[in-house]
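Convention: sequence-line order gives letters A, B, ...; per-chain numbering from 1.
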Amino acid sequence: SFVLRIEDTDFKRSTAESTDQILKAMEWLGFDWDEGPIYQSERLDIYRSYAQKLVDEKKAFWCECSPEKVEASRQKALKEKRNPRYDGTCRNKGLGPGSSRVLRFVSEDTGTTSFDDIIKGKITVNNNELDDLVLLRTDGMPTYNFTVAVDDATMGITHVIRGDDHVNNTPRQIQIYEALGFETPRFAHVPMIMGPDKTKLSKRHGATSAIAYKDMGYLPEALMNYLARLSWSHGDQEIFSLEELIKFFDIKDVGKSAAVFDMEKLLWLNHHYIMEGDPSKIGYLLGEAASQKGYDIQGGSYLKQVVCDVRKRTKTLEEMVEYSGFYFTYKEPDETLKKKFLTPDMEEIFDALITQIQDLDFSDLSGIEDVFRQVIEQFDIPFKKIAQPVRISLTGKKASPGIFEVVFTLGKERVIERLQKAIDYIKENT
RNA sequence: GUCCCCAUCGUCUAGUUGGGCCUAGGACACCGGCCUUUCACGCCGGCAACAGGGGUUCAAAUCCCCUUGGGGACGCCA
């Protein structure tokens, strides 16, 4: 059972937009949850009652130390090369609740806390490393380490799988589980994903939310496949469908070390899925992306044909939009290209092409190939001689899909129109 | 600084549990060639790693220790 829980106990960070982004990303990646979303901000009474229980059992205490004071002692400890932790000033003051007071957990002073991580193996820390963490803030809102322990226990969570950066939270949470009399779940800490500079992936490495990849023209199956293969593998297999991922994935096969995010490999996978995907479906996505860029998009079957023409050459939908623009809007070639390829001798050749194309039935590629063959025979020139001038005239670029495909997809009307424009240019410049 | 964790090609990784089959395999990227109407795709080939040092053993990428390097955490963030 898949329960989606939104951990939004920090008013400063949790906004409608931030949770919306999570929901959108889940949807895009194809995740579908059975329960929820459950918002922690709507369960405050539950956390407060458990907090009260801890107070009653003397496992938590109210603290009046100001944030400034706590921060100062932290800095001092750091300077003296000690582990910075709360000094326990208010632990035995027997304070009650108050407006600028926080509730702190009485952590163990001696002994060790350890757990058997499914990925990392046994992890042990000395309890004197752990300080009396804040359970309730001055505004009464509970903190993460507290809420997850309460929720995981009361919601019947058996396995906690999360990022490596949480390993040091785990002993604290275990102490909370124990203080509350809960059974502790199993933990699995998956390695981090790092940026090219080998530090934790963050905003400065570029895109961080899944939606950002959508916007850059990646397919969800590509992102999913890529991410799954970080710190995990199934022999030498690189390509996994969602079904295979579900079938083959085992948390026990996850490696222990962090992985560096490699955009090149993601790109390769994305290209793979663009090639494998149903052209109509990719065409639909291309249409969406192209409209966003201001192109006037016509029907689906045209988009499908465009996709078939260009997909070998583009690795993202964004690139595809950029590359296939000429299919939608005529783009004039650069002056230098026109000078080089639209030479006076092309005029009669283009004329001949137009004449032949006019009578051609655009049912398949071979008819178009025949037209070009006839024209090069008629003028006794190599195909090479006309390929580039035609390409320039039709696409405005020196690189494009094969000439025959371009002519076929563009259709009779556009081809003649564009060739005519080329002829006009030649006439004007002769 | 303190604590925790990690360590195979530039990158993702196989191999490590139960040492020999590893003159270390695959993939991305890169380089070269072929194909070719451009650009690609495709195909063929190449470069490239067990961090270092000690042990244990007939035998170590695989087990143990140390060193070094890297990461993470140290919040009234999650």
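- Taking atom CG of A/L267 as the reference point, atom C1' of B/A40 lies 14 Å away to the nearest angstrom.
- Within the nucleic acid shown, A/K397 has no heavy atom closer than 4.0 Å to any nucleic acid atom.
- Using a 4.0 Å heavy-atom distance criterion, A/F372 is classed as making no nucleic acid contact.
- Among the heavy atoms of the strands lying under 4.0 Å from A/V260 are primed sugar atoms or P, OP1, OP2 only; no base atom is included.
- At a cut-off of 3.5 Å, with distance as the only test, no side-chain donor of A/H189 or A/D164 sits close to an acceptor on the other residue.
- Under the 3.5 Å distance criterion, the side-chain polar atoms of A/T143 are matched with a main-chain donor or acceptor of A/V134.
- A/R162 has its CZ atom 14 Å from the C1' atom of B/G72, to the nearest Å.
- Checking B/A59 for Watson-Crick or G-U wobble geometry (two distances, each under 3.5 Å) identifies no partner in any strand.
- Along RNA chain B, the nucleotide nearest to A/P142 and the one nearest to A/Q388 differ in position, and the one closer to the 5' end is contacted by A/Q388.
- A/S14 comes within 4.0 angstrom of nothing in the nucleic acid, heavy atoms only.
- Closest to the A/M192 side chain, of the nucleotides B/U37, B/G72, B/U38, is B/G72.
- Pair assignment for B/C30: B/G46, on the basis of Watson-Crick or G-U wobble contacts that are both within less than 3.5 Å.
- As a whole-Å value, the separation of A/D253 CG from B/C12 P is 18 Å.
- Counting non-hydrogen atoms under 4.0 angstrom, A/P196 reaches nothing in the nucleic acid.
- A/N169 comes within 4.0 angstrom of a nucleotide base, judged by non-hydrogen atoms across all strands.
- Contacts of A/C65 with the nucleic acid, taken as non-hydrogen atoms under 4.0 Å apart, include base atoms.
- Counting any heavy atom pair closer than 4.0 Å across all strands shown, A/K200 reaches sugar-phosphate atoms only and no base atom.
- Comparing A/V134 and A/F261 by the nucleotide of RNA chain B that holds the closest heavy atom to each, the one mapping nearer the 5' end is A/F261.
- Taking every side-chain heavy atom of A/I403 into account, B/U37 is the closest of B/U37, B/A40, B/A78.
- Figure legend. B/U36 is base-paired to no nucleotide; pairs are counted as Watson-Crick or G-U wobble with both atom distances under 3.5 Å.
- Between A/Y144 and A/Y47, the distance from one ring center to the other does not fall under 6.0 angstrom.
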Heavy-atom contacts, protein to nucleotides 1-7 of chain B, under 4.0 Å, summarised as B (base), S (sugar-phosphate only) or - (none) per nt, yield BSSSSSS

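- Within the 4.0 angstrom heavy-atom criterion, no nucleotide atom of any strand lies near A/H189.
- Look at NZ on A/K79: it is 17 Å from C1' on B/C74, rounded to the nearest Å.
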Contact pattern, 5' to 3', of nucleotides 22-32 of chain B - B, S or - by protein heavy atom under 4.0 Å: ---BBBSS---

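- Atom P of nucleotide B/A78 and atom CG of A/N145 are separated by 8 Å, given to the nearest angstrom.
- Side-chain atoms of A/A259 lie closest to B/C12 of the nucleotides B/U37, B/A78, B/C12.
- Side-chain N/O atoms of A/R313 and base N/O atoms of B/C41 include no donor-acceptor pair closer than 3.5 Å.
- B/A51 is paired with B/U67 under the criterion used here, namely a Watson-Crick or G-U wobble arrangement in which both key atom distances are under 3.5 Å.
- When rounded to the nearest whole Å, the span between CH2 of A/W232 and P of B/U11 equals 22 Å.
- Figure legend: cation-pi geometry between A/R414 and A/Y302, with NZ or CZ positioned under 6.0 Å from the six-membered ring centre and within 45° of its axis.
- Heavy atoms of A/R85 sit nowhere under 4.0 angstrom from any nucleic acid atom.
- In this structure B/C9 sits in no base pair that meets the Watson-Crick or G-U test at under 3.5 Å.
- If you check B/U2 for Watson-Crick or wobble pairing at under 3.5 angstrom, you find it paired to B/A73.
- Set against B/U11, B/G72, B/A40, the side chain of A/K198 has B/U11 as its closest nucleotide.
- Between the CZ atom of A/F404 and the P atom of B/C39 there is a distance of 16 Å, rounded to whole Å.
- An OP1 or OP2 oxygen of B/C39 is reached within less than 4.0 angstrom by no side-chain nitrogen or oxygen of A/S400.
- Between the CZ atom of A/R74 and the C1' atom of B/A73 there is a distance of 13 Å, rounded to whole Å.
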